[in-house]
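All values below come from the heavy atoms of this structure, side chains included, with hydrogens, waters and symmetry mates left out.
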Amino acid sequence: DKAVRCLQELFVKRGGRIKDGERILKVVPGQTITVTTATMTYRTRNLVLTCGAWAPGILRELGLNLPLKALRINVCYFKEKNGTSNSVHSLAADFPQLKDEDCAVYAIP
């Protein structure tokens, strides 16, 4: 998916590291967060978990009981009129957002 790849490229460009496909065994919070996976142990100041619909189960296994609820949403893609590329360079610094009490909508340029 081009949109996900684009966000991943931006994340890495700004100093993030992506570790995909590593089963998390333990997360120890603190000023330095320790993450133990099936293959390695990492230490970091910041951690982003992108578990998607599996988040409640995965986070519960890690001792993080957050009131999360997975929702099915519609995702729409539109071709750009000006034909610029879907690269990390075409992302705006912030994403336009619309919010009300029942829904939230965001767009990635």
Side-chain angles (χ1 to χ4, degrees):
D1 178 75
K2 288 181 183 180
V4 172
R5 271 195 320 274
C6 188
L7 290 172
Q8 289 172 333
E9 288 175 17
L10 181 60
F11 180 76
V12 171
K13 181 178 178 182
R14 294 192 176 175
R17 291 188 345 180
I18 297 174
K19 297 296 180 181
D20 194 15
E22 290 189 41
R23 180 170 170 72
I24 298 173
L25 303 175
K26 185 176 181 183
V27 175
V28 179
Q31 283 193 346
T32 299
I33 303 163
T34 303
V35 180
T36 303
T37 72
T39 58
M40 196 166 193
T41 297
Y42 302 94
R43 289 177 182 75
T44 184
R45 290 182 300 155
N46 300 294
L47 176 65
V48 177
L49 297 174
T50 56
C51 312
W54 299 270
I58 291 171
L59 296 176
R60 191 170 26 261
E61 287 179 21
L62 299 173
L64 302 169
N65 295 307
L66 303 176
L68 300 175
K69 179 179 177 183
L71 301 173
R72 182 177 298 267
I73 62 168
N74 292 323
V75 177
C76 302
Y77 294 93
F78 300 92
K79 189 170 185 153
E80 294 177 281
K81 288 183 181 180
N82 64 7
T84 61
S85 113
N86 290 327
S87 73
V88 68
H89 306 292
S90 67
L91 281 176
D94 57 349
F95 303 151
Q97 296 185 27
L98 302 171
K99 293 181 183 179
D100 70 21
E101 59 190 52
D102 294 324
C103 72
V105 177
Y106 69 91
I108 301 172

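- Pairs of residues two or more places apart, or lying in two chains, that qualify as side-chain hydrogen bond (donor to acceptor under 3.5 Å, both in side chains) and include a residue from residues 42-52 are Glu22-Tyr42.
- Clustering ILVMFWY residues whenever any of their side-chain heavy atoms sit less than 4.5 angstrom apart, transitively, puts Leu59 in the very cluster that holds Leu47.
- Hydrophobic clustering keeps Leu49 apart from Val4 (ILVMFWY residues linked when any side-chain heavy atoms are closer than 4.5 Å, directly or through intermediates).
- For the pair Gly30 and Ile33, the tightest heavy-atom approach, listed with the atom from each and the gap, is O-CG1, 3.8 Å.
- Contact between Leu68 and Ala55 at its shortest, heavy atoms only, is CD1-CB, 4.1 Å.
- Here Leu66 contributes atom CG and Arg60 contributes atom CZ; the two are 10.0 Å apart, rounded to the nearest 0.5 Å.
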